[in-house]
2 protein chains.
Amino acid sequence: MSTYSISEVAKELNLTTYTLRYYDKEGLLPFVERTPNGTRLFKESDIGALRIIECLKSTGMPIKEIKSFIDWCQDGDSTLQQRFDMFLERKAAVEAQLAELNKTMEIINHKCDYYKTALDAGTEDIHKDDKIGSLN
Amino acid sequence: MSTYSISEVAKELNLTTYTLRYYDKEGLLPFVERTPNGTRLFKESDIGALRIIECLKSTGMPIKEIKSFIDWCQDGDSTLQQRFDMFLERKAAVEAQLAELNKTMEIINHKCDYYKTALDAGTEDIHKDDKIGSLN
DNA sequence: TTAACCCTTATAGTTAACTCTAAGTCAAGC
DNA sequence: GCTTGACTTAGAGTTAACTATAAGGGTTAA
């Protein structure tokens, strides 16, 4: 079974070795094994775990909460309910983020139209009547 | 024309007065007028401007870049091109964020299914063969 | 065998965006 | 006229998530 060094993993996941050691220090990587002299040996499955960690991070979950999840994983079946609830919560969080981002996109699209028209006209004055704020 | 106090605006936009003064200090609110004794008087249009600022922030734009945009707005038609380009950039940024968030959502949905099945079975062992990593 | 380069640990510094405190001003109500 | 409460400023403190430094050990290539 092949293993990876910390810098190989960093490259693969677009992280730095600093970040990976930081995650380890924060208790996010208890499953990573070491050589007799202390060097971390990442397994394929550890990279998979890191992808899940990155996924949770991208939902806005702070590292301390991700650590709770890691701990639950180590505790086995007795924490299945907590983990399920956690993912339901994350799902709701992502849905909310998607909704907000879509609203944001609408405003941005309006602004793109606004500026395209203004640029064609050479002046913003053309929009005198539909200004949204002091800003455009 | 009606005006609003800093705390009214804070309430309306779900911000704190601290945050609004911080934005002002950072140069985001040069258009907000003051009473003779220095109290800020927010106009309806200033609230509109703040909504745009919040929109830009939600695209991940840092405050210093938002300030550039504010400055361009004060400079008039000569900066139309910069402002148009900025919004095109923001549009691309939001599209990228939406794409990533949708990928995230897929993984989260898989996890929800995984845990629903495991909970029904009473054990995670049921998924022995399709584990994604050290983590589940 | 020694330089290059990876790795280790512990710890300090950075950054963004707030968040709060201290000291003081000002207008309204009792 | 004095307290209450919102406002002002400058500046210090907080937080999360890195990011870097220092001091040193182990393995590989000329």
Side-chain angles (χ1 to χ4, degrees), chain A residues 2-43 46-47 50-70 90 93 97 100 104, chain B residues 2-43 46-47 50-70 90 93 97 100 104:
Chain A
S2 68
T3 59
Y4 305 86
S5 75
I6 195 170
S7 55
E8 288 169 330
V9 175
K11 197 172 179 185
E12 173 70 21
L13 298 177
N14 269 302
L15 299 169
T16 66
T17 56
Y18 294 141
T19 303
L20 285 170
R21 290 197 199 97
Y22 166 69
Y23 285 177
D24 199 1
K25 192 164 54 176
E26 294 300 307
L28 261 47
L29 311 175
F31 40 77
V32 173
E33 295 179 11
R34 307 280 187 123
T35 64
N37 63 57
T39 300
R40 290 172 189 83
L41 281 183
F42 289 81
K43 299 181 291 296
D46 297 342
I47 294 177
L50 272 161
R51 286 191 209 281
I52 300 299
I53 288 171
E54 290 305 293
C55 167
L56 290 173
K57 260 170 47 65
S58 78
T59 72
M61 200 172 182
I63 280 173
K64 279 181 186 179
E65 279 177 45
I66 298 179
K67 184 185 165 8
S68 300
F69 169 63
I70 306 282
R90 286 300 100 199
Q97 284 169 48
E100 204 203 313
T104 296
Chain B
S2 68
T3 57
Y4 305 87
S5 74
I6 195 170
S7 55
E8 287 169 330
V9 174
K11 198 172 179 186
E12 173 69 20
L13 298 177
N14 270 304
L15 299 169
T16 66
T17 56
Y18 296 140
T19 303
L20 286 170
R21 291 198 196 96
Y22 166 69
Y23 286 177
D24 199 0
K25 192 165 51 178
E26 295 299 308
L28 262 47
L29 311 175
F31 41 76
V32 173
E33 296 180 9
R34 307 279 187 124
T35 63
N37 62 59
T39 300
R40 291 171 188 84
L41 280 183
F42 290 81
K43 299 182 290 298
D46 297 343
I47 295 178
L50 273 161
R51 284 191 211 280
I52 301 298
I53 289 171
E54 289 306 292
C55 168
L56 290 173
K57 260 170 46 65
S58 78
T59 72
M61 199 174 185
I63 279 172
K64 279 180 188 180
E65 279 176 46
I66 298 179
K67 183 185 165 10
S68 302
F69 168 63
I70 306 282
R90 284 302 98 198
Q97 284 170 47
E100 204 204 313
T104 296

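Protein chains get the first letters and strands the later ones, always in sequence-line order, with residue 1 at the start of each. Fair warning: this is a prediction, and the values are worked out from it, not measured in the lab.
By the 4.5 Å heavy-atom criterion applied to side chains, Asp46(B) and Leu29(B) are not counted as neighbours. Within the 4.5 Å cutoff, no side-chain heavy atoms of Ile53(B) are placed close to those of Ile63(B). Contact check for Val32(B) versus Ile6(B): no side-chain heavy atoms found under the 4.5 Å cut-off. For the pair Lys57(A) and Tyr23(A), the minimum side-chain heavy-atom distance is below 4.5 Å.
When rounded to the nearest whole Å, the span between NZ of Lys67(B) and C1' of dC18(C) equals 19 Å. In this structure, the CD atom of Glu65(B) is 15 Å from the C1' atom of dA17(C), given to the nearest Å. Spacing between atom CD1 of Ile6(A) and atom P of dC5(C) amounts to 19 Å, rounded to whole angstrom units. Per the geometry, CG belonging to Leu20(B) stands 12 Å off P belonging to dT19(C), to the nearest Å. For Leu13(A) and dC18(D), the CG to C1' distance is 16 Å, given to the nearest whole Å. If you take CG of Leu56(B) and P of dA17(C), they are 13 Å apart, rounded to a whole angstrom. For Glu26(B) and dT19(C), the CD to P distance is 14 Å, given to the nearest whole Å. Atom OH of Tyr18(B) is separated from atom P of dT19(C) by 10 Å (rounded to the nearest Å).
Heavy atoms of Ser5(B) sit under 4.0 angstrom from primed sugar atoms or phosphate atoms, though from no base atom.
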**Message:** Within the 4.0 Å limit for protein heavy atoms, which parts of nucleotides 9-17 of chain D are touched? Write it as a string from 5' to 3', B for base, S for sugar-phosphate only, - for none.
**Reply:** B-B-----B
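In this structure, Thr17(B) does not reach the dA6(D) phosphate: none of its side-chain N or O atoms is under 4.0 Å from OP1 or OP2. In terms of phosphate contacts, Ser7(B) brings a side-chain nitrogen or oxygen within less than 4.0 Å of OP1 or OP2 of dC7(D). At dA27(C), one or more side-chain N or O atoms of Asn37(B) fall inside 4.0 Å of OP1 or OP2 (strictly under the cut-off).
When all heavy atoms of Phe31(B) and Lys43(B) are compared, the pair lying nearest together is O-NZ, 3.4 Å.
For the salt bridge (Lys or Arg N to Asp or Glu O under 4.0 Å) condition, the pairs that include at least one residue of residues 8-24 of chain A, sequence neighbours left out, are Glu12(A)-Arg51(A), Asp24(A)-Arg34(A), Asp24(A)-Arg40(A).
For Glu26(A), the CD atom is densely surrounded, since the number of other residues' heavy atoms within 6.0 Å is greater than 12.
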